[in-house]
Amino acid sequence: MYNINKDLANIFYKMAAIYEFLDDNFRARAYQRAAHVIEDLPDDIRNYIQGGKIQRFRGIGESIYAKIKEYIETGKISKYEELKKKVPEDFIELIDLPGIGPKSLKKIYEELGIKTKEELIKALEDGRVEKLEGFGPKKVQNMLKALKMYEISKRRMLLWHALELSDYLVSQLKKLKEVKKVEVAGSIRRRKITIGDIDILVVAEDKDRKKIMDYFVKLPEVKEVLGKGLKKTSVIIKTSNGRERQVDLRIFKNEEWGAALQYFTGSKQHNVHLREIAKEKGLKINEYGVFKVDTGEKIAGETEEGVYKSVGMDFIPPELREDRGEIEAALEHRLPKLVELKDIKGDMHIHSTWSDGFNSIEDIAKFVKEHYKYEYIVITDHSKSQRVAHGLDEKRILEEIEEIKKLNQLLGFDFIKIGSEVDILLDGSLDFPDEILAKLDWVVASIHSHFNRDNTDRILKAMENPYVNVIGHPTGRLIGVREGYPVDLEAVIKKAKETGTALEINSQPLRMDIDDIWVKKAVEEGVKLVISTDSHNLGSFEYMKAGVAIARRGWATKKDILNTRSWKEVQKFINEKRKRMGGILIGA
DNA sequence: GCCGTTTTCGGCCCGACTGTTTTCAGTCG
């Protein structure tokens with residue numbers, strides 16, 4: 001079933017923009033919040049509204065529920081159709097554009113009758129806008145710049161690339177002895193899958209502020225300085241691959257550090273919710289600390305833990321701060337203990353030169369043993385249908401098994417496990433017969449063809465096979481390149497639970513598949529997950545960090561992640577499925 | 001628009017900066 005959540009959320013975001021334009025800010029906020037809630041639902045919204053029975057969500061009340069129902073039944077929302085007539089079509093998009101606000105747009109629309117983006121640019125350039133009351137040359141310049149930057153900023157950066165860039169900037173700032181503390185905040189710290197701007201926070205003495213800001217704007221990668229002060233400086237950085245990113249640097253006092261970090265890590269929804277609760281308790285939270293409203297006394301701010309504690313909450317890990325229930329859980333002291341990078345005991349999806357990897361199995365094993373504290377790795381080269389990836393046929397995978405046996409003898413123990421990333425064929429059967437699969441330590445089954453059809457049936461059938469242990473990159477999406485193939489992940493999760501099959505969190509920067517929303521759903525359903533790098537070269541083993549981050553964003557604990565287990569424990573998982581689905585047990 | 005064991009009406013996060021003003025509105029994060 002095609003998931004309508006995204007379409008519905010988009011409509012509500014647009015309605016919010018229109019209400020902003022109409023100066024009805026509270027309504028706008030209500031629609032924004034509803035859109036956010038719907039976007040975060042793993043299941044199709046129709047599943048929550050069955051037979052007139054409505055599941056309650058915070059932020060969706062009677063009126064918005066009625067509109068959701070109307071959309072489900074008719075494919076339209078009449079209120080939206082009505083609202084659209086009040087705003088020029090181009091403007092709905094422009095209202096969300098950073099640098100131009102709804103008030104300015106409204107004035108330009110009302111006084112000059114401007115209705116399209118092209119007309120707006122023309123009126124800005126020929127001086128008509130400048131003559132309006134409240135406008136001036138600077139404002140006009142900034143609006144033009146905002147329009148120009150729009151196309152650039154619209155493309156968000158992949159988490160991995162943002163991490164590389166922000167790590168570099170942090171390392172440069174650490175070179176100054178005046179920088180006492182430095183941390184990346186914002187969506188990078190929350191490990192969102194894609195990143196807009198980069199926020200960096202620093203602790204320093206007041207007298208050193210100028211020196212730090214001067215140093216920052218002189219970094220060779222800085223292409224343009226958007227604003228420079230002693231508290232905040234904004235620049236445009238040009239990355240090595242030619243992309244442009246806005247980076248904000250802010251300096252705080254040590255006693256403000258926790259409050260600043262909390263505030264600038266966001267998310268916005270999380271912060272708003274947190275402050276509402278603080279307010280109920282007679283407290284005020286800003287980026288400098290937590291204060292009692294009546295006396296103005298500061299009661300927290302030096303550490304993030306202190307900020308949360310002051311309102312009666314446990315510390316909330318940054319990856320959870322999306323207002324998806326973490327605030328309630330923190331108040332009730334029932335936040336999960338999230339999985340950590342150090343819990344990972346092995347990588348279970350790796351390609352070698354036997355198929356399309358760049359390194360020999362021997363080089364991979366030596367490299368991983370030297371750089372990671374893993375207990376095992378699983379080599380999972382492609383199967384024969386993947387001709388372009390030099391997939392292995394039956395004869396060659398038997399040879400690969402022998403090769404790995406020899407290498408393990410050299411290493412002195414069974415560090416290398418033999419697996420396969422076996423193709424799921426069009427009819428849901430697998431690219432290897434069961435006799436071969438039964439000889440393998442671990443089987444990843446993936447879809448690499450027919451992306452346009454609904455592939456739920458293929459995946460469900462593959463999971464019925466007793467030797468398939470995990471479904472690789474379950475949606476097949478490439479972020480910003482192609483959408484995933486149509487697949488009913490709800491049914492996949494159900495079948496995974498039923499058959500004892502795991503689902504992969506593929507850590508490749510472009511994949512991040514499955515994502516945090518579905519991880520959370522899988523965790524709730526008790527389905528096990530595997531965090532894998534799908535490495536094709538030695539540098540890719542680092543992607544495990546990103547995979548763990550996605551797992552954490554999905555509320556996963558150590559027990560939800562299979563590759564936090566010893567190999568003996570993994571084998572138990574394998575045998576449980578083989579037993580249940582009628583396969584040959586390990587060692588039998 | 002949503003929400004509520006103090007409220008079903010009257011609230012709805014908070015501060016900095018910018019550009020335009022001469023005390024403030026608009027915008028951002």
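Note: hydrogens, waters and symmetry copies are ignored here, and every other heavy atom, side chains too, is used. Order of the sequence lines sets the chain letters (A, B, ...), proteins ahead of strands, with each chain counted from 1.
Nucleotides B/dC3 and B/dT8 have their C1' atoms positioned 10 Å apart, rounded to a whole Å. Separating the C1' atom of B/dC2 from that of B/dT7 is a span of 14 Å, rounded to the nearest Å. Nucleotides B/dG29 and B/dC12 place their P atoms 24 Å apart, quoted to the nearest Å. Taking atom P in both B/dT20 and B/dG10, one finds a spacing of 40 Å when rounded to whole Å. Rounded to whole Å, the separation between the C1' atoms of B/dT21 and B/dG26 comes to 13 Å. With both ends at atom C1', the span from B/dT23 to B/dC17 equals 16 Å, rounded to whole Å. The gap from the P atom of B/dT18 to that of B/dC13 amounts to 25 Å, rounded to the nearest Å. Comparing B/dG1 with B/dT5, their P atoms are spaced 24 Å from each other, to the whole Å.
Running 5' to 3' along DNA chain B, contacts with non-hydrogen atoms of chain A at under 4.0 Å begin and end at B/dG1 to B/dG29.
Across all strands shown, A/Lys232 has no heavy atoms under 4.0 Å from either base or sugar-phosphate atoms. If you check every strand for non-hydrogen atoms under 4.0 Å, A/Tyr31 touches sugar and phosphate atoms only. Note on A/Glu133: nothing from the nucleic acid sits closer than 4.0 angstrom, heavy atoms only. As judged by a 4.0 angstrom heavy-atom cut-off over every strand, A/Lys107 is placed among residues making no nucleic acid contact. Within the 4.0 angstrom heavy-atom criterion, no nucleotide atom of any strand lies near A/Leu274. As judged by a 4.0 angstrom heavy-atom cut-off over every strand, A/Asn142 is placed among residues touching the sugar-phosphate backbone only. Within 4.0 Å (heavy atoms only), A/Phe135 reaches sugar-phosphate atoms of the nucleic acid but no base atom.
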Report all side-chain donor-acceptor pairs from residues 290-300 of chain A shorter than 3.5 Å, counting only partners two or more places apart or in another chain.
from     : atom 1 : to       : atom 2 : distance (Å)
A/Thr295 : OG1    : A/Glu297 : N      : 3.2
A/Lys298 : NZ     : A/Glu255 : O      : 3.1
A/Lys298 : NZ     : A/Tyr288 : O      : 3.2

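When each of A/Ile285 and A/Gly101 is assigned the nucleotide of DNA chain B with its nearest heavy atom, A/Ile285 is the one assigned upstream, toward the 5' end. Each of A/Met15 and A/Val272 has a nearest nucleotide on DNA chain B; the 5'-most of these lies closest to A/Met15.
Here the closest non-hydrogen pair linking A/Ile514 and A/Ile550 is O-CG2, 3.8 Å.
The backbone N or O of A/Asn5 lies less than 3.5 Å from no partner atom in the side chain of A/Asp44, so there is not a single donor-acceptor pair. The backbone N or O of A/Ala16 lies less than 3.5 Å from no partner atom in the side chain of A/Arg27, so there is not a single donor-acceptor pair. Using modelled atom types, one side-chain atom of A/Glu70 and one backbone atom of A/Ser78 make a donor-acceptor pair closer than 3.5 Å.
Both distances falling under 3.5 Å, in either a Watson-Crick or a G-U wobble arrangement, place B/dC2 opposite B/dG11.
When the options A/Lys218, A/Lys211, A/Lys210 are evaluated for a side-chain hydrogen bond (donor to acceptor under 3.5 Å, both in side chains) with A/Asp214, the one that passes is A/Lys210.
Screening residues 322-339 of chain A for side-chain hydrogen bond (donor to acceptor under 3.5 Å, both in side chains), with sequence neighbours left out, gives A/Asp40-A/Arg324, A/Arg190-A/Glu322, A/His270-A/Glu326, A/His273-A/Asp323, A/Asp314-A/His333, A/Glu322-A/Arg553, A/Arg324-A/Asp516, A/Glu332-A/Arg334, A/Lys337-A/Glu340.
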**Asked** Given A/Thr265 and A/Arg189, is the side-chain hydrogen bond (donor to acceptor under 3.5 Å, both in side chains) satisfied, shown in steps?
**Response** CA-CA 6 Å; A/Thr265 297; A/Arg189 185 155 180 256; 2.8 Å; yes

